[in-house]
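Treat the numbers as computed from the prediction; the structure is a model and nothing was measured. In the text below, chain A, chain B and the rest are named by the order of the sequence lines, each starting its count at 1.
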Amino acid sequence: MPPEPTSNDTQDPRRSAVYLVLAQVPHGHVVSYGQVAAMAGLGRAARWVGRLLARLPDDSGLPWHRVIAASGRLSLPEGSASGQEQRARLRAEGIGIHNGKVDMRRHGWHLPEHSG
DNA sequence: TATAGGGCTTAGG
DNA sequence: GCCTAAGCCCTAT
């Protein structure tokens, strides 16, 4: 069953879930693909999230740049338009990048489920 | 409709 | 830090 041309993304709840999670990421914080995937209920669909972000339109208004690898590294190459964009935006939010890596210990966004 | 290949990843040795 | 194996969906033919 092919996707209907009448809708864009909100058709699939999975995609919508990722968008919602992504929109929940606070300013100055970052999350990993697997984290977003898990939060969206996708589980191990980390790569799928990455692929989804790659297809995200510029007018999505979503902080896709706040999504990085679990290791804190930026998968996007510095030579890539999105790569520079991500680094630029992260730095613009006050997120320091060292050797192409972000300090997940400080900027790693974690849900306050443990009351702290 | 079915088949084949790939991706902005993650975890273990 | 590098290599290998695994899980999920999409895209092209």
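When the side-chain nitrogen and oxygen atoms of A/S75 are compared with OP1 and OP2 of B/dT9, one or more of them lie within a distance under 4.0 Å. Within the 4.0 Å cut-off from OP1 or OP2 of C/dC9, at least one side-chain nitrogen or oxygen of A/R14 is found.
Residue whose closest nucleotide on DNA chain C sits further toward the 5' end, between A/R73 and A/R55: A/R73. Both A/R44 and A/V67 sit near DNA chain B, but only A/V67 has its closest nucleotide nearer the 5' end. Nearest-nucleotide assignment on DNA chain C puts the 5′-proximal partner with A/A46, out of A/A46 and A/R51.
Each of B/dC8, B/dA11, C/dG1 was ranked by its minimum atom distance to the side chain of A/K101; first place goes to C/dG1. Taking the side chain of A/R47 as heavy atoms from C-beta on, and the options B/dG7, B/dC8, C/dC10, the nearest nucleotide is B/dG7. Nearest nucleotide to the side chain of A/W64, out of C/dC8, B/dC8, B/dT10: B/dC8.
C/dG7 makes up no base pair with any nucleotide shown, lacking Watson-Crick or G-U wobble contacts both under 3.5 Å. B/dC8: no Watson-Crick or G-U partner with both key distances under 3.5 Å is found in any strand.
Counting any heavy atom pair closer than 4.0 Å across all strands shown, A/A54 reaches a base atom. When heavy atoms are screened at a 4.0 angstrom cut-off, A/S32 is found touching the sugar-phosphate backbone but no base atom.
For the pair A/N99 CG and C/dG1 C1', the computed distance is 12 Å after rounding to whole Å. Atom CE in A/M104 sits roughly 14 Å away from atom P in B/dT9 (whole-Å rounding). Atom CD in A/Q35 sits roughly 11 Å away from atom P in B/dA11 (whole-Å rounding). When the P atom of B/dT9 is taken as reference, atom CG of A/L74 falls 11 Å away, rounded to whole Å. Across the protein-nucleic acid pair, A/L53 atom CG and B/dT9 atom C1' stand 12 Å apart, rounded to whole Å. Distance CH2 (A/W48) to C1' (B/dG5): 20 Å, rounded to an integer number of Å. Taking atom CG of A/L52 as the reference point, atom P of B/dT9 lies 13 Å away to the nearest angstrom. Following rounding to the nearest Å, A/I68 (CD1) and B/dT10 (P) show an atom-to-atom distance of 9 Å.
Within 6.0 Å of CZ on A/R89 lie more than 12 heavy atoms contributed by other residues, nucleotides or ligands.
In the model, A/E93 has a side-chain atom that pairs as donor or acceptor with a side-chain atom of A/H65 under 3.5 Å.
In terms of modelled atom types and a separation under 3.5 Å, the side chain of A/E78 and the main chain of A/G100 share no donor-acceptor contact.
Of all the heavy atoms in A/L62 and A/Y19, the pair that sits closest is CD1-CD2, 2.8 Å. Looking at every heavy atom in both residues, A/W64 comes nearest to A/L53 through CB-CD2, 4.0 Å.
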